[in-house]
Amino acid sequence: QQQVKQSPQSLIVQKGGISIINCAYENTAFDYFPWYQQFPGKGPALLIAIRPDVSEKKEGRFTISFNKSAKQFSLHIMDSQPGDSATYFCAASTKETSGSRLTFGEGTQLTVNP
Amino acid sequence: DAGVIQSPRHEVTEMGQEVTLRCKPISGHDYLFWYRQTMMRGLELLIYFNNNVPIDDSGMPEDRFSAKMPNASFSTLKIQPSEPRDSAVYFCASSLIVGSAFFGQGTRLTVV
């Protein structure tokens, strides 16, 4: 019940195209859904996050769409650039009185071809 | 702030040796996490601390792994004895609130 399922495992997009990565969860107690971006040799970095009280959040070229009833959320990267080539992780967490922890998806390796 | 600082960046050790990974979290952060990343298993949470107290160590794979946080600015992850299957990238992360974890650069551990 703590799992977050992410797809696809890898994605190749042409420059200027739209990259879409999907995640699904089971635990209805999850109430915070961040996306992390990881470049080779670096640690994951927080990219954008959403709470379930909104259905969409946009920051620049990055948009999270959230479907609470379907327990799914997705990351859209508009006008994808070669510099966006990285591994993307979705994650989820709950407000637990005992602490704070993230459950990560399996990751999506995005390649944007020039 | 310099962010989460981990050392060493790379560690190569022989099987059976003790390995100690170090982490300095961002000042003021209440939570500290140790993650392990491998191709096969992705990002796994090993243990996390809140205000220097271990909260959940259910992800620690075996008794060979131990973690301490003697004060708010320092934590260690120790593997004794190390085995080849422990080879991975180990990340330390810290956060002030739920979800906003900041990761260090990681320590790439190779056990031969």
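Both backbone and side-chain heavy atoms feed into the values below; hydrogens, waters and symmetry mates do not. Residue numbers begin at 1 in each chain, while the letters A, B, ... track the order of the sequences.
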* To do: Heavy-atom pairs under 4.5 Å with chain A are the metric here; pick the option from B/F49, B/F102, B/Y35 that has the most.
  => B/Y35

[X]: which residues meet the side chain to side chain contact (heavy atoms under 4.5 Å, CB included) condition with it, sequence neighbours left out?
| X | value |
| --- | --- |
| B/F74 | B/R22, B/P70, B/N71, B/T76 |
| A/P40 | none |
| A/Q81 | A/K15, A/R61, A/D79, A/D84 |

* **CD (A/Q9) with more than 12 external heavy atoms under 6.0 Å** => no

* Asked: For atom CD of A/Q109, is the number of surrounding heavy atoms from other residues, nucleotides or ligands below 6.0 Å larger than 12?
  ->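 Result for CD/A/Q109: open.
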
* Asked: Among residues 57-66 of chain B, which ones touch chain A with a heavy-atom distance under 4.5 Å?
  ->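 So far as heavy atoms go, B/S58 are the residues that approach chain A to under 4.5 Å.
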
Consider only side-chain heavy atoms of I, L, V, M, F, W and Y, link residues closer than 4.5 Å, and tell whether [X] and [Y] are in one cluster.
| X | Y | answer |
| --- | --- | --- |
| A/I64 | A/F62 | yes |
| A/F104 | B/L46 | no |
| B/L45 | B/M39 | no |
| B/Y48 | B/Y90 | no |

* Side-chain heavy-atom pair A/F89, B/Q37 within 4.5 angstrom cut-off ->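 A/F89 vs B/Q37: side chains touch.
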
* Asked: Heavy-atom distance under 4.5 Å to chain A: side chain of B/R9, backbone, both or neither?
  -> side chain

* B/L43 side, atom CG; A/T87 side, atom OG1 - distance, nearest 0.5 Å ->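 The CG atom of B/L43 sits 10.0 Å away from the OG1 atom of A/T87.
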
* Structure fact -> In this structure, CZ of B/F103 is separated from CD of A/Q38 (nearest 0.5 Å) by 8.5 Å

* **Region of A/F33 that comes under 4.5 Å of a non-hydrogen atom in chain B** =>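 Neither part; nothing is under 4.5 Å.
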
